[in-house]
Amino acid sequence: MIRLSADRDACRGAGQCAFHAPDLFDQDEEEGLVVLLHDEPADDRLPSARRAVAACPNRAITLTAS
């Protein structure tokens with residue numbers, strides 16, 4: 001199983017995650033910080049999840065196998 005996690009303390013609201021994987025991430029309206037919509041992405045969403053992880057400037061998003 002592949003799991004996504006987002007560290008809101010590390011997020012600075014760049015929005016790259018929501019840009020690359022809008023079905024997996026959003027940004028809150030108050031601070032623009034990451035909101036994780038699905039922590040277990042379907043197999044067909046893994047490429048966009050990987051792009052979002054790679055694009056995050058603060059490395060606030062991780063993708064791990066469990």
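Bear in mind that the values here come from a model prediction, so they are computed numbers and not experimental data. One-based numbering along the sequence shown.
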How many angstroms lie between atom SG of Cys11 and atom CD of Glu31, to the nearest 0.5 angstrom?
-> 9.5 Å
Working to the nearest 0.5 Å, report the span between SG of Cys17 and CG of Leu37.
-> 9.0 Å
At their closest point, which heavy atom of Val35 faces which heavy atom of Arg8, and how far apart are they?
-> CG2-NH1, 3.9 Å
Polar side-chain atom of Asp7 near backbone of Asp9 as donor-acceptor pair, under 3.5 Å = yes
Among residues two or more places apart or on two chains, list those pairs meeting salt bridge (charged side-chain N to carboxylate O under 4.0 Å, His left out) that have a residue in residues 47-63.
-> none
Residues at least two apart in sequence or cross-chain that pass side-chain contact (heavy atoms from CB on, under 4.5 Å) with Ala55, listed by chain then number, are Gln16, His20
Cluster membership besides Val34, Ile/Leu/Val/Met/Phe/Trp/Tyr side chains within less than 4.5 angstrom, sorted by chain and number, is Ile2, Leu4, Leu24, Phe25, Leu36, Leu46, Val53, Ile61, Leu63
With sequence neighbours left out, what residues match Asp23 under side chain to side chain donor-acceptor pair (under 3.5 Å)?
-> Arg45
Taking only residues two or more places apart in sequence or in another chain, which ones pass side chain to side chain donor-acceptor pair (under 3.5 Å) with Arg3?
-> Asp39, Glu40
So which heavy atom on Ser48 is nearest to which on Ala21, and how close?
-> O-CB, 3.7 Å
Quick one: side chain to side chain donor-acceptor pair (under 3.5 Å) partners of Glu30, sequence neighbours excluded?
-> none
